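Take a look at the structure below.
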Amino acid sequence: MPAEFIKVVRVSDLPERGGKFIRIGDDEIALFRVDGKLFAINNVCAHQHISALHQGIVSGVNVTCPMHGWTYSLETGKAVSGSGCVKTYPVKVVGENVFIEVERAD
Ligand code: FES
C-alpha cells in the first residue's frame, strides 16, 4: 500500500508534553512533542478501543491512557503497562511544518 507524508500542523501548535488529535482519512492519530522530539501513535487505545490517547499523561517517552491507565511507549507503540500495542507513524519536520506518513487506500 503506498504511503505519503501529509502536512498536519506547525511545530508551534504542539505544547511540550501535550498531545494533539489528528485525523487523516480513517487514521485517528495522537501527535506528541517531548523534549523537542515528535511522536505519532494511533489514538485508539488497545484496551477498550477508545480514541483517547491524545489526552493521556506523558511521562518520559511514555503516554498513559486517561481511561484506565494502560501505558504505551511513544517510540515503539508497545504497551509497557497493559498489553498489546498501538501503531506508530513516521513524523518529519520541514521548516515549521509537521508531516505524518500514512498509508493511502489507492
Ligand atoms: S481504554 Fe485505554 S486503558 Fe482502557
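Predicted, not measured: the structure shown is a model, and the values here were computed from it. Atoms within each ligand, like the ligands themselves, are counted from 1 in listed order.
Between Arg17 and Asp35, at least one side-chain N (NZ, or NE/NH1/NH2) sits under 4.0 Å from a carboxylate O, which counts as a salt bridge.
Atom 2 (Fe) of ligand 1 has an N, O or S atom of Cys45 closer than 2.8 Å. Contact annotation: His47 places an N, O or S atom under 2.8 Å from atom 4 (Fe) of ligand 1.
If you number the atoms of ligand 1 from 1 as listed, the ones under 4.0 Å from a heavy atom of Trp70 come out as 3 (S). Of all atoms in ligand 1, numbered sequentially from 1 with element shown, those under 4.0 Å from a heavy atom of Cys65 are 1 (S), 2 (Fe), 3 (S). Heavy-atom proximity to Gly69, at under 4.0 Å, picks out these atoms of ligand 1: 3 (S).
Within the cation-pi definition used here (under 6.0 Å to the ring centroid, within 45° of the axis), Lys92 qualifies as a partner of Phe5. Relative to the six-membered ring of Phe39, Lys37 misses at least one condition, a distance below 6.0 Å or an angle of at most 45° to the axis.
In plain terms, the two heavy atoms of Arg33 and Leu38 that are nearest each other are CB-CD2, 3.5 Å. The shortest heavy-atom contact between His47 and Tyr72 is N-OH, 3.9 Å.
For His68, the N, O or S atom closest to atom 4 (Fe) of ligand 1 goes by the atom name ND1.
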